[in-house]
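Positions are given from 1 along the sequence.
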Amino acid sequence: MGKEIKKGKKGSAAEYLTRSQAIRKMQVTLTDFRRLCILKGVFPREPKKKFKGSDKTYYHKKDVQYLLHDQLLDKFRSIKIHMKKYRKALHRGEKSTAKRLIHSKPTYTLHYILKERYPTFPDALRDLDDALTLCTLFASFPAHELSLIHI
């Protein structure tokens, strides 16, 4: 007799992670995970069998691996570390250190994501109609104080 295979280690269950499992694996907060997913274009998927329950959000393992090796993840971490140093200096009363830290805050660029998503100019033009449609949709909304929409 062979070794008994544990539940969730093989088949379709092994190909998907829940959102909380993905966040734990990546060691980021929920907001950073959402931001990264939006910027990189990673969306939740519907597995054939929802092994953890039907109320969970599932991501493909390859998508999570793709996010793990992104340079934005490192930038988010460095910004978070920098802000911790800034808050620590501020609470200690070291105003000169805090001022120096706030001026040397790390930044990130998104140009490589644009090049990745739209390698050529015609590719970018094909997606432009989605943005224009969204702009016309927002322009057609009523600007009214009761509906809390301000244009």
* Would you say the side chain of R126 lies within less than 4.5 Å of the side chain of Y118, judging by non-hydrogen atoms? -> no
* Structure fact -> Of all heavy-atom pairs linking M83 and K105, the shortest is SD-CE, 4.1 Å
* Mind checking the NZ-NE2 spacing from K115 to H111? Nearest 0.5 Å is all I need. => 5.5 Å
* **Derivation and outcome, side chain to side chain donor-acceptor pair (under 3.5 Å), residues D123 and T120** => CA-CA 5 Å; D123 293 331; T120 61; 2.8 Å; yes
* Looking at side-chain heavy atoms only, is the closest gap between K25 and Q65 below 4.5 Å? -> yes
* Count the heavy atoms belonging to other residues, nucleotides or ligands that lie under 6.0 Å from CG of L137, then report whether that count exceeds 12. => yes
* Structure fact -> Interatomic distance, CG@L17 vs CZ@R24, rounded to 0.5 Å, equals 10.0 Å
* Would you call D32 and K80 a side-chain contact if the rule is heavy atoms closer than 4.5 Å? -> yes
* How long is the gap from NE2 on H103 to OH on Y86, to the nearest 0.5 Å? -> 9.5 Å
* To do: Measure across L72 and D70 and return the closest heavy-atom pair with its distance rounded to 0.1 Å.
  => CB-OD2, 3.1 Å
* Would you check if K40 and E116 make a side-chain contact, meaning some heavy-atom pair closer than 4.5 Å? => yes
* Asked: So, are K62 and E15 salt-bridged, with charged N and O less than 4.0 Å apart?
  -> no
* I79 and Y108: CA distance, side-chain angles, deciding distance, side-chain contact (heavy atoms from CB on, under 4.5 Å) verdict -> CA-CA 9 Å; I79 289 171; Y108 59 92; 3.6 Å; yes
* Check whether Y66 and L110 end up in the same hydrophobic cluster, where Ile, Leu, Val, Met, Phe, Trp and Tyr are linked by side-chain heavy atoms less than 4.5 Å apart. => yes
* Asked: Are F51 and Y16 close enough that their ring centres sit under 6.0 Å apart?
  -> no
* Is a side-chain donor or acceptor of H82 paired with a backbone partner of L101 at a separation under 3.5 angstrom? -> yes
* To do: Please answer whether the main-chain N or O of L39 pairs with a side-chain N or O of R117 as donor and acceptor at a distance below 3.5 Å.
  => yes
* Should L132 and L125 be counted in the same cluster of Ile, Leu, Val, Met, Phe, Trp and Tyr side chains packed under 4.5 Å apart? -> yes
* Atom pair CG (D130) and CG (L134), whose distance is rounded to the nearest 0.5 Å -> 9.0 Å
* Say you draw a straight line from CG of L128 to CZ of F121; how long is it, rounded to the nearest 0.5 Å? -> 8.5 Å
* To do: Applying side-chain contact (heavy atoms from CB on, under 4.5 Å) between Y58 and each of E46, R45, K50, report the one that passes.
  => K50
* Structure fact -> Tightest non-hydrogen contact, residues A22 and V64, listed as CB-CG2, 3.8 Å
* Is it the case that one hydrophobic cluster holds both L30 and L73, taking links as side-chain heavy atoms less than 4.5 Å apart, direct or via other members? -> yes
* Asked: Are R19 and R34 side-chain neighbours, meaning at least one heavy-atom pair lies under 4.5 Å?
  -> yes
* Asked: In terms of ring plane angle, is the pair F33 and Y59 parallel, tilted or perpendicular, where the classes change at 30° and 60°?
  -> perpendicular
* Going by heavy atoms in the side chains, are Q71 and Y112 under 4.5 Å from each other? -> yes
* Is there a side-chain contact between Q21 and T18, using heavy atoms and a 4.5 Å cut-off? -> yes
* Quickly, which of V42, L68, L67, V28 forms a side-chain contact (heavy atoms from CB on, under 4.5 Å) with L36? Name it, please. => L67
